[in-house]
**Q** 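Dropping the structure in here first, questions after.
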Amino acid sequence: MGKFEKYLSVWVALAILVGIGIGRLFGDSIQFLSDLEVAKVNIPVAILVWMMIYPMMVQIDFSSLKNVTKNNKAVGLTLVINWLVKPFTMAFFAWLFLDQIFSAYLSPEDAEQYIAGAIILGLAPCTAMVFVWSYLTKGDANYTLVQVSLNDIILLVLFIPIVKFLLGVTNIQIPYDTLIYSVVIFVVIPLTAGYVSNKYLIKRYSIDWFKNVFLHRLKPVSMIALITTLVLLFAFQGDKILNKPFDILLIAIPLTIQTYFIFFVTWFIGRYLKLKHSVCSPSAMIGASNFFELAVAVAISLFGLNSGASLATVVGVLIEVPVMLSLVAIANKWKY
C-alpha cells in the first residue's frame, strides 16, 4: 500500500479542514462552481471524478472474465452479497440508526438526506482499493480481478434500478434521468475509455511499460483529483459541519456497523462453502468496501454539492481505510 492509500483518512481530514477554510474565506464568491451543470450533473465534479475513476478503470482486464467458472462458488457468493444483501442491509442500518435511534438528534430532513447518501454508498461495490485489501491478505489476484471486472459490468445494469427502488422506499423521490446521466458519465464513459486505452497502450508499448511506466505516472492524477473533489465538497459543506459536527459521528456509526456486518457474513459463508483463504478474503473485502468515488459523484449529481447525502458519502470515505485495515488484520489473524 502506498503512502497515500495508507494515510487516506489523514488526507481526507486535511481536505475537510482546507475545504471548510476556503468556504469560510470565500463564501458566496465560489457559489458559481455549484451552478455549473449539464443535465443536473456538476461539470467541475464530473471532470474530477473522471480523473479519479479512469486510473482504476484502465487497469481492468475484462478478458479475465473467461476464468469466472474457476471459482464459481466464490463469484456467486460475491454477487449475492453485493447485489441482494448489501444494498438492503445498508438501507436498513441507515434507517434504524438515523431515522429511529438517533431521531432525537437529527431533523427528519437531515436524516432523510443521510439515509440517501448511505444507500448510494452501499450500492457501489469496491473496485480499485479491493486490490490493495486482497494483496494485504495474500488474496488470489486472478480471482480478485475476475470479481472486480464482473461487478463493474453488473453495476451498469443494476445500480440505477436498485438505487431508484431503495430511495423510493425511503420516500426520497429523485429524477430518473439524472441517475441515468450519472451512471453514464461516471461509469460508462470512464469504463469505455479505460478499456480502449488499456488495449491500445498494451498493444502499442507492451504490458511491462503499461504497468511500470504508464500506471505509475497516472497514479498521482487520481490522488490529486480525489483530494480536490473533497476540498470542493467541503467548501460547500463547511457551515453544516461547523454547525453540526455531531452529525458526522452519527452517520459514521451505521456505516461502520454495515462494513463489519457484511465482512463477517461473507467470511463465514465462505468458510461454510470451503473456499480457500486466498479467495474467501477478497470476497469478504469487496463486499465490505465501497466504490466511494462513484458514490460521492452520484450523491452530488442527485442532491447537490452542499447536500446531506453528499456529506454522508464523504463520511464513508473518512472511515474506509481505518475500518478496512482492521478487517485486513482480522483476515490475516484468521488465516487457514
**Q** Assess whether atom CZ of F88 is packed by more than 12 heavy atoms of other residues, nucleotides or ligands within 6.0 Å.
**A** yes
**Q** Residues two or more places apart in sequence or in another chain: which of them pass side-chain contact (heavy atoms from CB on, under 4.5 Å) with I257?
**A**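 So I257 forms a side-chain contact (heavy atoms from CB on, under 4.5 Å) with F93, F97, I253.
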**Q** Could you pull out the closest heavy-atom pair between S134 and T144, with the gap in Å?
**A** OG-OG1, 2.8 Å
**Q** Ring-plane angle category for W334 and W267, please: parallel below 30°, perpendicular beyond 60°, tilted otherwise.
**A**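 Judged by the thresholds at 30° and 60°, the geometry between W334 and W267 is tilted.
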**Q** How long is the straight-line distance from CD1 of I160 back to CD1 of I162, given to the nearest 0.5 Å?
**A**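 If we round to the nearest 0.5 Å, I162:CD1 and I160:CD1 are 11.0 Å apart.
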**Q** At what distance, to the nearest 0.5 angstrom, does CD1 of I43 lie from CG of L48?
**A**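 Output value for this atom pair is 12.0 Å.
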**Q** For the pair Q258 (side chain) and K86 (backbone), establish whether a donor and an acceptor sit closer than 3.5 Å, ignoring hydrogens and angles.
**A**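 Present.
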**Q** Please check: side-chain N/O of H277 versus main-chain N/O of A331, any donor-acceptor pairing under 3.5 Å?
**A**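 Judged by distance alone, yes, a pair lies under 3.5 Å.
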**Q** I need the L232 CG to I300 CD1 distance, nearest 0.5 Å.
**A**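 Here the rounded value is 7.0 Å.
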**Q** Just so I know, are the side chains of L255 and M90 near enough to count as touching, which here means a heavy-atom distance under 4.5 Å?
**A**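 Yes, at least one pair of side-chain atoms sits under 4.5 Å.
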**Q** Check W50 against P55 and note the closest heavy-atom contact, atom names and distance.
**A** O-CD, 4.2 Å
**Q** Look up atom CG in L84 and atom OG1 in T89, then write down how far apart they are to the nearest 0.5 Å.
**A** 11.0 Å
**Q** One pair to check against side chain to side chain contact (heavy atoms under 4.5 Å, CB included): L98 and D110. What are the steps and the verdict?
**A** CA-CA 9 Å; L98 300 175; D110 284 342; over 6 Å; no
**Q** Can you give me the closest heavy-atom contact between G122 and N290, atom names plus distance?
**A** CA-OD1, 4.2 Å
**Q** Are S278 and Y143 close enough that a side-chain donor and a side-chain acceptor fall under 3.5 Å?
**A** no
**Q** Are side-chain heavy atoms of L77 and L275 found at a separation under 4.5 Å?
**A** yes
**Q** Mark yes or no for whether T256, through its side chain, and A252, through its backbone, hold a donor-acceptor pair below 3.5 Å.
**A** yes
**Q** Test of understanding: with side chain to side chain donor-acceptor pair (under 3.5 Å), list the residues that count as partners of N82, not counting sequence neighbours.
**A**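 With neighbours one apart ignored, the set is N151.
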**Q** Checking the side chain of Q147 only, and the main-chain atoms of V75 only, is there a donor and an acceptor separated by less than 3.5 Å?
**A**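 Side chain of Q147 to backbone of V75: no pair is present.
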**Q** Identify, with sequence neighbours excluded, every residue that meets salt bridge (Lys or Arg N to Asp or Glu O under 4.0 Å) alongside K335.
**A** none
**Q** Side chain of S197, backbone of G194: donor and acceptor closer than 3.5 Å?
**A** yes
**Q** Under 3.5 Å, sequence neighbours excluded: what are the donor-acceptor pairs made by side chains of residues 205-216?
**A**
| unit_1 | atom_1 | unit_2 | atom_2 | d |
| --- | --- | --- | --- | --- |
| S206 | OG | W209 | N | 3.2 |
| N212 | ND2 | D208 | O | 3.2 |

**Q** Write out all pairs satisfying salt bridge (charged side-chain N to carboxylate O under 4.0 Å, His left out) with one or both partners inside residues 265-291, taking only residues at least two apart or from two chains.
**A**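 Qualifying pairs, neighbours excluded: none.
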**Q** According to the salt bridge (charged side-chain N to carboxylate O under 4.0 Å, His left out) rule, which pairs have a member within residues 187-200, sequence neighbours left out?
**A**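 Every pair satisfying salt bridge (charged side-chain N to carboxylate O under 4.0 Å, His left out) with a residue in residues 187-200: D61-K199.
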**Q** For A312 versus Y114, what's the shortest heavy-atom pair and its separation?
**A**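 Heavy-atom minimum between the residues: CB-O, 3.6 Å.
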**Q** For F268 and F264, take the angle between the two ring planes, folded into 0 to 90°, and tell me which bin it lands in: parallel under 30, tilted 30 to 60, perpendicular over 60.
**A**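 Parallel.
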**Q** Taking V279's backbone N and O only, do any of them form a donor-acceptor pair with D140's side chain (distance below 3.5 Å, no angle check)?
**A** no
**Q** Report the C-alpha separation of T266 and M285 in whole Å, then their side-chain angles, then the decisive distance to 0.1 Å, and conclude whether the side chain to side chain contact (heavy atoms under 4.5 Å, CB included) test is met.
**A** CA-CA 9 Å; T266 310; M285 292 295 176; over 6 Å; no
**Q** Working to the nearest 0.5 angstrom, can you tell me the gap between L25 CG and I22 CD1?
**A** 8.0 Å
**Q** Please assess I227 against L14 for the test side chain to side chain contact (heavy atoms under 4.5 Å, CB included), listing each intermediate value before the final yes or no.
**A** CA-CA 9 Å; I227 295 302; L14 291 175; over 6 Å; no
**Q** Side-chain contact, heavy-atom cut-off 4.5 Å: P254 with L96?
**A**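 P254 vs L96: side chains apart.
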**Q** Minimum heavy-atom separation for A309 and A116, please, with both atom names.
**A** CB-CB, 4.3 Å
**Q** Evaluate the side-chain proximity of W133 to S281: yes if any heavy-atom separation is below 4.5 Å, no if none is.
**A**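 Not touching, per the 4.5 Å side-chain cut-off.
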**Q** Quick one about S310 and S307 (side-chain donor to acceptor, distance below 3.5 Å, no hydrogens or angles considered), yes or no?
**A** yes
**Q** Can you name the closest pair of heavy atoms from G308 and Q113 and give their distance?
**A**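 The pair with the smallest heavy-atom distance is N-OE1, 3.3 Å.
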**Q** Contact between L123 and L166 at the side-chain level, heavy atoms closer than 4.5 Å - yes or no?
**A**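 Yes. Closest side-chain heavy atoms under 4.5 Å.
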**Q** Any side-chain heavy atom of L249 within less than 4.5 Å of one from V315?
**A** no
**Q** Test side chain to side chain contact (heavy atoms under 4.5 Å, CB included) on L155 and W83; report intermediate values, then the result.
**A** CA-CA 9 Å; L155 182 72; W83 299 106; 3.6 Å; yes
**Q** Would you say that T259 contacts E320 through its side chain, given a criterion of any heavy-atom pair below 4.5 Å between the two side chains?
**A** no
**Q** Can you tell me how far the OG1 atom of T228 sits from the CD1 atom of I47, to the nearest 0.5 Å?
**A** 12.0 Å
